[in-house]
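First listed ligand is number 1; within each ligand, the first listed atom is number 1.
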Amino acid sequence: MIKITLPDGSVKEFAPGVTPMDVAISISEGFARNVISASFGGTIVETTTPLTTDGSLILYTWNDDGGKKAFWHSTSHVMAQVLEELYPGIKLTLGPAISNGFYYDVDFEDQKITDADFKKIEDRVLAISREKHEFKLRPVSKSEALETYKDNVYKTELISNLEDGTITFCDHSTFTDLCRGGHIPNTGIIKAMKIMSVAGAYWRGDEKNKQLTRVYGISFPKQKDLTEYLELLEEAKRRDHRKLGKELELFAFSAKVGQGLPLWLPKGAALRDRLEQFLKKAQKKAGYEQVVTPHIGQKELYVTSGHYAKYGADSFQPINTPAEGEEFLLKPMNCPHHCEIYNVRPWSYKDLPKRYAEFGTVYRYEQSGELHGLTRVRGFTQDDAHIFCTPDQLDQEFKNVIDLVLYVFGSLGFENFTAQISLRDQENREKYIGSDENWEKAENAIINAAADKGLKTVVAYGEAAFYGPKLDFMVKDALGRQWQLGTIQVDYNLPERFELTYKGSDDQLHTPVMIHRAPFGSMERFIAILIEHTAGKFPLWLMPEQAIILCLSEKYEIYAKKVLNLLENHEIRALIDNRNETIGKKIRDAEMQKTPFMLIVGEEEERNGTISIRRHGQEGKGNVSVTIEEFAAIVNEEISKTLKVFTV
Ligand SMILES: [Zn+2]
Ligand SMILES: [Zn+2]
């Protein structure tokens with residue numbers, strides 16, 4: 001018998017040769033109907049692969065990333081089959097699944113695929129899929145594989161790099177492809193498919209090689225899923241932070257300044273500052289102390305921290321001084337600097353925890369092709385902090401950090417999130433640094449803190465860093481897309497490398513534990529996600545302008561200024577639109593800027609000492625006439641709905 005470990009930790013015994021699908025059926029017939037792919041011992045297998053050794057098995061449905069991957073990759077086989085049918089003589093190369101769908105790189109030689117062909121290809125893919133062909137993996141010898149692909153230089157190159165005895169073909173219908181596996185049971189579940197685009201792509205990503213055509217597609221088990229996906233794409237385009245960032249005048253990029261280096265415009269800088277003040281205020285209450293460290297550090301600092309050995313070659317290269325032969329690196333992380341702050345004086349256990357916070361700007365080299373708006377940049381500011389504590393304090397510190405993260409998410413309207421607890425790989429404990437006892441303390445601290453705070457969690461074994469376990473917050477935005485925000489990480493490594501100590505109650509020197517944490521992650525990425533999540537309609541407390549005063553004519557400008565002053569007294573951010581434009585145009589522009597309140601002032605308002613409120617996006621609802629005090633009350637009430645007071 002062999003022992004199969006399932007993700008919930010349970011172990012079941014089966015006769016050797018059992019397949020993942022057999023295991024699924026043994027769990028329940030209903031569940032098995034939804035299983036479309038599997039991984040065994042960390043390797044993707046077919047649902048029909050006979051299992052002959054002990055190991056851990058994960059069964060995937062469409063709802064898992066592993067299931068989607070197999071679904072999309074399998075569809076790429078069917079699309080390749082259709083492309084060969086419709087464009088005889090083309091050469092197929094590789095067709096992997098990607099995060100949304102799949103592609104196939106094809107050498108079309110003198111033939112060409114255009115948008116007009118997409119429908120025909122999609123229809124044929126679905127027609128073949130309906131025939132319910134099974135995907136069958138079959139081992140072949142290297143010589144047989146080379147013979148099959150003797151007219152295809154790309155596949156020949158791939159096969160040449162494989163070892164004889166490890167090569168497999170995948171058959172379905174009349175089509176065969178070189179493939180190592182990871183397929184759904186049969187084509188029948190592919191119910192909707194669309195070709196998204198075609199683009200040029202060099203063979204193996206090397207521009208010295210021939211340019212191929214990359215055909216991008218996506219597929220779904222239901223037509224409805226495809227329709228929803230396409231609607232989502234349209235909405236995502238409308239909310240793209242690069243587009244809204246420009247329209248709302250938040251940030252810009254300049255080719256002269258350099259790629260991946262965002263420039264914050266006044267409105268964006270004000271928004272960012274407001275976020276920083278918001279977090280600083282809460283952190284102060286939570287016992288953090290603000291520190292400031294330089295943007296560069298000696299190369300030696302990062303040799304000590306280990307960052308140089310790990311990332312040095314792929315980073316911005318050292319800055320050399322003209323005379324003294326010193327070498328500096330742009331700061332890639334704030335942690336080494338904070339360790340040196342801790343090291344400035346000796347500490348007793350009674351002084352701990354020390355919590356150092358810094359909005360620290362760091363620089364990391366990203367290839368220009370990887371840069372993307374504010375989400376992938378070369379210079380960014382982390383809302384960083386490092387907590388130095390005793391192992392016994394971990395539990396409480398973790399709970400405090402979770403409270404802070406929940407406060408941040410709540411105030412910014414992220415309601416839907418899960419927390420991933422990343423722990424050691426149970427079977428390979430030797431690859432982690434730090435004592436078993438400390439790891440257990442830290443892992444239990446995370447698990448207890450997450451349970452205590454009622455977080456929705458998933459546990460990922462083997463996902464911990466080599467230096468400590470962590471808790472990552474995965475947030476779903478308004479479009480259902482998942483982002484990783486906010487991370488809390490325990491570290492046994494840096495305190496050792498920097499020889500950090502404190503005197504314990506036993507009068508001996510001990511090494512403190514370090515927690516890295518950043519609720520936003522980085523200001524740049526967080527604001528990008530926030531823009532897309534809110535479509536630029538930020539929570540009222542954060543809005544660059546909460547209100548705009550629109551004069552019906554220039555006669556009322558003096559009254560408008562008086563209103564503005566009164567609003568300022570109530571700490572409401574407003575401005576006056578006194579351009580010589582029609583009220584209709586002013587309203588349209590304010591709508592475009594997503595300003596929450598338009599305050600219209602004319603003869604009647606001036607006479608009564610009131611303002612007429614029109615809310616963003618509420619055309620035709622009729623304006624409400626109120627006094628300034630009443631308006632301030634409306635604003636404050638709305639702010640208090642999202643922005644709570646942080647308490648410890
Ligand atoms: Zn395949
Ligand atoms: Zn850190």
Can you tell me how the ring of Tyr492 sits relative to the ring of Trp439, calling it parallel under 30°, perpendicular over 60° and tilted otherwise? tilted
Roughly how far, to the nearest 0.5 Å, is CG of Asp383 from CZ of Arg517? 6.0 Å
Does His183 bring an N, O or S atom to under 2.8 Å of the Zn ion (ligand 1)? yes
Could you name all protein N, O or S atoms found under 2.8 Å from the Zn ion (ligand 2)? Cys335 SG, His386 NE2, His516 ND1
Rounded to 10 degrees, what angle sits at the Zn ion (ligand 1) between His73 NE2 and His77 NE2? 110°
Do the rings of His77 and Phe175 sit parallel, tilted or perpendicular, given the 30° and 60° boundaries? perpendicular
Would Lys191 and Phe220 count as a cation-pi pair here, with the cationic atom under 6.0 angstrom from the ring centre and within 45° of the axis? no
His73 and Gly182: which non-hydrogen atoms are nearest, and at how many Å? CD2-O, 3.6 Å
Quick one: which residue pairs count as a salt bridge (Lys or Arg N to Asp or Glu O under 4.0 Å) with a foot in residues 72-94, not counting sequence neighbours? Glu85-Arg124, Lys91-Glu109
Assess Arg214 against Tyr103: is NZ or CZ under 6.0 Å from the centre of the six-membered ring, and within 45 degrees of the ring's axis? yes
